[in-house]
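Written below as C-alpha cells is the structure these notes are about.
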Amino acid sequence: MSRNNNAIRRKRQENQPRGQYLRVEKETTLLPFLFEALNDRSKSAIKSLLSHGQIYVNDRIVTQFDTPIQPDDKVMVGYARGNVAFNNRLLNIIYEDNAVIVVNKREGLLSVGTERVHERTAYHILSDYLKKVTRAINCLYCIVWTVTLPG
C-alpha cells in the first residue's frame, strides 16, 4: 500500500511545474513585484519570463504584466517554459491535437499571403503560434481546406 501511495504522490509532483516561489507582502501589480523580488535579474530577462509563460500566479500561467496581486497570492517563477494559450482576435482555434488544427477566421483575414500582404494572414498567425508551441523553426504544416459559410 505504501508503494502505491508514493507512486501516486510522485506522479502528482511530476505534473506540477517546478520553480522558485516568491512571497507577496503587499498589494501591487505583477511586473513591479517581479522587478523587486528578482532584483538579481535584468528587466529584459524578467519580461522574457512573462512572455514565455514561466510566471505562475495561483498555479495559473500569467503573461500580462499588469496583473494585480494580493498578499495571499502564490507567485512562482517556473524553471521550464509554460504553454502559452493561443490568443488572437482575428483567429479562433476550434480544435487542436498533435496532427490537426481547426480554426475559425474572421471575415477579411486572408488564409494565405499575397504579393502585398504577408504577415496578416491565418497562415502567418498559426505559423508563429506553432513555432512558440513546438519551439521548432522548421515545422511541417499546410492549409488543407478552407470553408466559408454564409452568415
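Just so it is clear, the model here is predicted, and its values are computed rather than measured. Basis for what follows: all heavy atoms, side chains included, without hydrogens, waters or symmetry-related copies.
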Check your understanding: Passes side chain to side chain contact (heavy atoms under 4.5 Å, CB included), Leu126 versus Thr121? Steps please.
Key -> CA-CA 9 Å; Leu126 284 174; Thr121 65; over 6 Å; no

Exercise for review: Please assess Arg41 against Leu49 for the test side chain to side chain contact (heavy atoms under 4.5 Å, CB included), listing each intermediate value before the final yes or no.
Suggested key: CA-CA 11 Å; Arg41 300 185 191 193; Leu49 291 171; 3.3 Å; yes

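In this structure, Met76 and Val57 have side chains that are not in contact, with every pair of non-hydrogen atoms separated by 4.5 Å or more. A 4.5 Å side-chain heavy-atom check between Gln64 and Leu50 finds every atom pair outside the cut-off. A heavy-atom distance below 4.5 Å is found between the side chains of Leu109 and Leu91. In this structure, the side chains of Ile55 and Leu30 come closer than 4.5 Å at one or more pairs of heavy atoms. Looking only at side-chain heavy atoms (C-beta outward), Ile46 and Phe35 come within less than 4.5 Å of each other. For the pair Val77/Leu22, a side-chain contact is recorded, criterion being any heavy-atom separation below 4.5 Å from C-beta on.
Here the shortest heavy-atom pairing between Arg89 and Arg106 reads O-CD, 3.3 Å. Scanning all heavy atoms of the two residues, the minimum distance from Tyr129 to Ile93 falls at CE2-CD1, 3.7 Å. Closest heavy-atom contact between Asp73 and Val24: O-CG2, 3.7 Å. Lys105 approaches Ala122 most closely through the heavy-atom pair CD-CB, 4.4 Å. In terms of heavy-atom proximity, Val103 sits nearest to Ile101 at CG1-CG2, 3.7 Å.
Annotation for Val117: hydrophobic cluster partners, listed by chain and number, are Leu110 (ILVMFWY side-chain heavy atoms under 4.5 Å, direct or chained).
Of the possible donor and acceptor atoms, none in the side chain of Thr29 sits under 3.5 Å from a partner among the backbone N and O of Leu31. Using modelled atom types, one side-chain atom of His52 and one backbone atom of Ser48 make a donor-acceptor pair closer than 3.5 Å.
Here Lys74 contributes atom NZ and Tyr21 contributes atom OH; the two are 5.0 Å apart, rounded to the nearest 0.5 Å. To the nearest 0.5 Å, the span separating CD1 on Ile125 from CZ on Arg120 amounts to 7.5 Å. Rounded to the nearest 0.5 angstrom, Lys26 NZ and Glu36 CD are separated by 5.0 Å.
For Thr28, the side-chain contact (heavy atoms from CB on, under 4.5 Å) partners two or more places apart in sequence, or in a different chain, are Pro32, Phe33, Ile69.
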